[in-house]
Amino acid sequence: MAIKAQRGTKDILPKDSYKWTYVENLFREVCSLFGYDEIRTPIFESTDLFKRGVGETTDIVQKEMYSFQDNGGRDITLKPEGTAGAVRAFIENKLYANTQPSKLFYITPCFRYERPQAGRMRQFHQFGVEAFGSESASIDAEVMALAMEFFKRVGLEKLELRINSIGCPKCRNEYNNKLRLYLAEKLDKLCGTCQTRYEKNPLRILDCKNEACQSEIGDAPLMIDNICDGCKDHFEKVKVYLDSMGINYVVDPKIVRGLDYYTKTAFEIISQDIGAQSTVCGGGRYDGLVEQLEGPKTPGIGFAIGVERLLLTLENNDIEIPKEEGTDIFVVTIGEKAEIESFKILKALRSNNISCDKDHVGKSVKAQFKYSDKINAKYTIVLGDDEIEKDLATLKNMQTSEQTEIKLSEIADVLKNMI
Ligand code: ATP
Ligand code: MG
């Protein structure tokens, strides 16, 4: 039996890879417009980094990580998300010593052991940004604006930005107690996962996907109604800045990031059309994370966009991604001398940024023409042994079928002005 790709992984073939290149380029472009620079961190990190940086009570750490021991006995994990690695790199490379904020973006594969379905893979990809070193609500608004600008440029205008505040350790502690009090008598009706969240992270119970849990907690007290004045002020400012940019949003009190080092702003960008996997972007502020990973106290905020879900959303909205034009010129050769000569032509054309190709599998002349047609070449150059002596080739315009003679020695110069 031939070996197959692993469950939850996918080959990105040429029929699709141009879409990836396109959205990647667009993301880079938008990041650059907003003053974000790229960071590339390793695919694998110490398992501890994710335990501490993502959080022991999260689904990711509890059941989704690709962890293993390497031959040196180190505990290693393939990155399940981009933030922890970026924070580690920020600390290790002392980026905090530069003028702040540090505005970074990344494009990375991620690995999570999940049940594969549409928009849920074991290897998937994220575009993300992390902005370190600013406590100000203006950077919260900026990262959201960046994400929305990106979505607008890919052609998705109907996405919904949902924002929430999950408070700070101080007001959340008080709130957690209030929430536990409310949940106490419902505890035995909640799912097993929620029961384990009760002590450590009750906030997470609010975004449980289990319907039964949801119906139990309909009138639970909400974090947003219990945030302290500082957090409230921050949240109001975020809204003012978003309003100023004309960015629509809805406040969704169910968005949580429920770990101590996640603070204040949490947001999601939702697409209505890809069913359960509708979140194309998730983000939020993490003022305690750098310190949690033993860096100097530094605020931060970021988001991650799921690229597979982005592409699915584009498909479901019938948004076509422009395909780069194919090969400009195909060189048909008749005879052995012509074939040797064709390499000179190809080299000259390519040096002049004209895309071109020739046959490599011994196609008949007829088949070479057919192929030139198939790849949508704009022109076919026909080169025969006896024409070489005369420094001539035939140039066929594939659209009009018009044929002209062209001097071999001038081919690149002439075509440069035609393509
Ligand atoms: P979900 O609730 O859908 O599992 P999440 O909260 O685990 O999402 P994040 O950790 O916030 O997701 O990741 C950011 C984005 O990455 C998500 O909004 C989504 O678009 C994408 N994503 C997350 N997990 C997967 C996956 N297994 N396959 C494909 N994309 C994913
Ligand atoms: Mg998940």
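One-based numbering, in listed order, for ligands and for the atoms of each. Computed from heavy atoms alone, side chains included, the values below leave out hydrogens, waters and symmetry copies.
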Lys232 NZ: over 12 foreign heavy atoms closer than 6.0 Å
no
Is the centre of the Phe150 ring less than 6.0 Å from the centre of the Phe27 ring?
yes
Atoms of ligand 1 close to Gly119 [distance to a heavy atom under 4.0 angstrom, numbered from 1]
28 (N), 29 (C), 30 (N)
Assign the ring pair Phe132 / Phe90 to parallel, tilted or perpendicular, where the plane angle (0 to 90°) is split at 30° and 60°.
parallel
For the student: nearest non-hydrogen atoms of Val238 and Ala137, plus distance
CG2-CB, 3.6 Å
For Leu349, run the side chain to side chain contact (heavy atoms under 4.5 Å, CB included) check against Ile419, Asp328, Asp357, Ile411 and tell me which one passes.
Ile411
One residue to check: Arg122. Relative to ligand 1, which of side chain, backbone, both or neither has a non-hydrogen atom less than 4.0 Å away?
neither
Is the shortest distance from a heavy atom of Arg309 to ligand 1 less than 4.0 Å?
yes
Proximal ligand 1 atoms for Thr279, defined as those under 4.0 Å from one of its heavy atoms
17 (C), 18 (O), 19 (C), 20 (O)
Please work out, at 4.0 Å between heavy atoms, whether the side chain, the backbone, both, or neither of Leu310 comes within that distance of ligand 1.
neither
Looking only at non-hydrogen atoms, which of Met121, Arg112, Glu64, Gln126 approaches atom 10 (O) of ligand 1 most closely?
Arg112
Electrostatic pair Asp233:Lys237 at N-O distance under 4.0 angstrom:
yes
Leu181 versus Tyr198, closest heavy-atom pair with distance:
N-OH, 4.5 Å
At the 4.0 Å heavy-atom cut-off, does Lys209 count as touching ligand 1?
yes
Could you tell me whether ligand 1 has any atom less than 4.0 Å away from a heavy atom of Glu114?
yes
Which part of Arg120 is near ligand 1, with near meaning a heavy atom under 4.0 Å away: side chain, backbone, both or neither?
both
